[in-house]
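Have a look at the structure below, then the notes.
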Amino acid sequence: MKRQKRDRLERAHSRGYQAGITGRSKEICPYQMIDARSYWLGGWRQAMEDRSAVA
């Protein structure tokens, strides 16, 4: 995989994680492309798991 594409997907994951940690809904995902959307939602799900582990 090209570095540029990987960086874009890692950024999507990071932004999804940040949205999840702050308690935002997964419905606000700004990505339309399936790959980036999947990474964003993966980050969001990971954040939700981390939030429930702390609580």
Side-chain angles (χ1 to χ4, degrees):
M1 186 186 304
K2 294 181 181 176
R3 180 183 171 101
Q4 184 179 14
K5 185 175 182 181
R6 185 174 63 240
D7 289 345
R8 190 170 42 228
L9 295 177
E10 288 172 1
R11 188 167 52 245
H13 184 273
S14 176
R15 289 182 178 169
Y17 187 86
Q18 288 302 316
I21 282 294
T22 57
R24 301 184 75 183
S25 169
K26 68 178 178 180
E27 303 301 321
I28 65 159
C29 178
Y31 295 96
Q32 299 303 317
M33 292 181 57
I34 208 76
D35 286 344
R37 187 171 186 84
S38 294
Y39 272 74
W40 191 94
L41 289 170
W44 185 86
R45 280 191 295 272
Q46 183 179 357
M48 287 295 138
E49 289 175 11
D50 291 351
R51 285 183 66 187
S52 65
V54 171

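No experiment lies behind these values; they were computed from the predicted model shown.
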Side chains of residues 13-23: which donor-acceptor pairs under 3.5 Å do they make with residues two or more places apart or in other chains?
| residue | atom | partner | partner atom | Å |
| --- | --- | --- | --- | --- |
| H13 | NE2 | Q46 | OE1 | 3.3 |
| Y17 | OH | D50 | OD2 | 2.6 |
| T22 | OG1 | Q18 | O | 3.1 |
| T22 | OG1 | A19 | O | 3.0 |

Which donor-acceptor pairs under 3.5 Å do the side chains of residues 28-37 make with protein atoms, sequence neighbours left out?
| residue | atom | partner | partner atom | Å |
| --- | --- | --- | --- | --- |
| R37 | NH1 | Y31 | O | 2.8 |

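In this structure the side chain of D7 reaches within 4.5 angstrom of the side chain of E10, judged on heavy atoms.
Here the straight-line distance linking atom CH2 of W40 with atom NZ of K26 works out to 9.5 Å at 0.5 Å rounding.
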